[in-house]
Amino acid sequence: MFKVLNLHGVTKEPNLEEWTCRAESSDLLHEPVRIALVGKYTCLSDSYLSVLKALLHASVDCQKKLVVDWIPASNLESATAKENPDAFKAAWKLLKGADGVLVPGGFGDRGVQGKIIAAKYARENRIPFLGICLGMQIAVIEFARSVLGVQDANSTEFEPHTKSPYIIFMPEGSKTHMGGTMRLGSRRTYFQTKECKSAKLYGCKSFIDERHRHRYEVNPDLVARLENAGLSFTGKDETGQRMEIVELPNHPYFIGAQFHPEFKSRPGKPSPLFLGFIGAACGQLDAVLQRSSIVDNGLSKGVINDISAVKTYRTRTATRTTYRSAEYVYGSCNGLHF
């Protein structure tokens, strides 16, 4: 075809050196970091594929083998203790054995109480926690119930007529139209302080752009009460009325994001919030924060360090094949990864 059209091909042999190095280094990882993923759709792992990839990117950057323990959120609830005691015990055993707890996004009220229980366990036991979208909202509800003593704190998604609506439907949203009602795409988040963990992980920037996909958000009328009790909303939108990032300053790592940081994670350039989460889970958070806060020409030291670490591994004798099964990468040790 090139000859017929008198065109000169410009294709070259692909330069796979960096990718090959990265794959070989991943094969050599053996020290695990265990993450409990507490969700609603755990029987279908592809539902959280972007989350899994973001966890993997961050784990490789920290030179750890990722092990994901899948926990159906409803199995943590007291009702399951009566209906299926074995499932209840298994879920709690996995949660208590985790280095970090992640509650991803989702819709509907099934498993919500289990997610709240998981957030409470991580908060009270100072286990690294990352809540995404609904996971952030869950963390806010749990804090309101446990710390503020507002036992009926809830989201209008689960209880439309709740007297304590800590999570509400977006004011500009429509409850009558089924399509096109979500807040989607890249939106800007402004850090309220550069001294918080999330700002440091993003290189001490004034603002970031992350992708969104939600209809509900933290009730701005109750933010002051939450902050007075110790919760810190470190990221907000341009109006200052929409909460984007929440943290517990006195916790080793307790962060929730209204946006989906996993959507922009890449091999060699992991999502900052996921990198901080994995770093905290394996005892490397201080080093991650130090690397991330030093920015050079738009690339964090964390990325540069990752590439050099990959090349260092190439000097060793690697006898493993570069093929890596999903089981090796995700460590489906509890049999719930399909």
Side-chain angles (χ1 to χ4, degrees), residues 1-33 35 44-68 185-186 201-203 205 208-211 213 259-279 282 284 287-288 290-332 337-338:
M1 182 60 72
F2 282 117
K3 292 181 179 179
V4 173
L5 297 176
N6 195 28
L7 296 175
H8 299 286
V10 295
T11 58
K12 299 179 180 179
E13 188 72 21
N15 183 1
L16 299 178
E17 180 183 1
E18 181 183 333
W19 187 261
T20 301
C21 294
R22 198 177 302 282
E24 290 178 353
S25 72
S26 297
D27 287 334
L28 293 172
L29 300 178
H30 57 84
E31 187 175 344
V33 55
I35 301 301
L44 182 62
S45 61
D46 279 1
S47 299
Y48 303 114
L49 186 59
S50 296
V51 173
L52 285 173
K53 294 298 184 181
L55 286 170
L56 181 59
H57 301 158
S59 298
V60 171
D61 190 275
C62 292
Q63 299 181 28
K64 301 294 180 182
K65 174 184 173 182
L66 175 64
V67 178
V68 175
S186 180
L201 287 168
Y202 278 97
K205 297 178 181 177
I208 55 173
D209 294 305
E210 290 281 9
R211 291 167 60 184
R213 190 174 184 269
F259 50 82
H260 289 264
E262 69 272 21
F263 289 165
K264 294 177 70 173
S265 183
R266 299 291 184 271
K269 192 176 181 181
S271 160
L273 294 187
F274 275 85
L275 182 58
F277 174 59
I278 293 295
C282 63
Q284 298 181 18
V288 169
Q290 185 176 6
R291 285 187 280 135
S292 299
S293 62
I294 304 174
V295 181
D296 183 15
N297 295 326
L299 289 176
S300 73
K301 292 294 184 180
V303 176
I304 295 173
N305 179 73
D306 177 59
I307 295 174
S308 62
V310 169
K311 291 184 177 179
T312 300
Y313 270 117
R314 292 202 71 196
T315 64
R316 304 181 183 181
T317 302
T319 57
R320 300 185 186 184
T321 175
T322 55
Y323 173 79
R324 298 182 306 288
S325 67
E327 182 176 3
Y328 174 80
V329 175
Y330 297 136
S332 54
H337 188 285
F338 297 96

Q) Closest approach of L52 and L66, non-hydrogen atoms and distance? A) O-CD2, 4.2 Å

Q: Report yes if the side chains of H260 and S50 come closer than 4.5 Å at any heavy-atom pair, otherwise no.
A: no

Q.
Show the nearest heavy-atom pair for residues A58 and F274, with the distance to one decimal.
A. CB-O, 3.6 Å

Q: State the NZ-SG distance between K65 and C282, to the nearest 0.5 angstrom.
A: 15.0 Å

Q | Student check: side-chain heavy atoms of R291 and D61 closer than 4.5 Å | A | yes

(Q) A side-chain contact here means heavy atoms from C-beta on lying under 4.5 Å apart; do F277 and S271 qualify? (A) no

Q.
I need the single residue from R211, K53, E210 that forms a side-chain contact (heavy atoms from CB on, under 4.5 Å) with F263. Which is it?
A. R211

**Q.** Taking every non-hydrogen atom, the tightest pair across R22 and E18
**A.** NH2-OE2, 2.7 Å

**Q.** Closest non-hydrogen atom pair between H57 and S265, with its separation
**A.** ND1-OG, 2.8 Å

(Q) Would I278 and I35 count as a side-chain contact (heavy atoms from CB on, under 4.5 Å) here? Give the steps. (A) CA-CA 8 Å; I278 293 295; I35 301 301; 3.9 Å; yes

**Q.** Minimum-distance pair of heavy atoms, taken over all atoms of A54 and E262
**A.** CB-CB, 3.8 Å

Q: Go through the steps to decide whether E31 and K64 satisfy the test side-chain contact (heavy atoms from CB on, under 4.5 Å), and finish with yes or no.
A: CA-CA 5 Å; E31 187 175 344; K64 301 294 180 182; 2.8 Å; yes

Q.
Please find the pair of heavy atoms, one from P272 and one from L201, that lie closest to each other, and give the distance.
A. CB-O, 3.4 Å

Q: Show the numbers, then the answer: is there a side-chain contact (heavy atoms from CB on, under 4.5 Å) between Q63 and L29?
A: CA-CA 6 Å; Q63 299 181 28; L29 300 178; 3.9 Å; yes

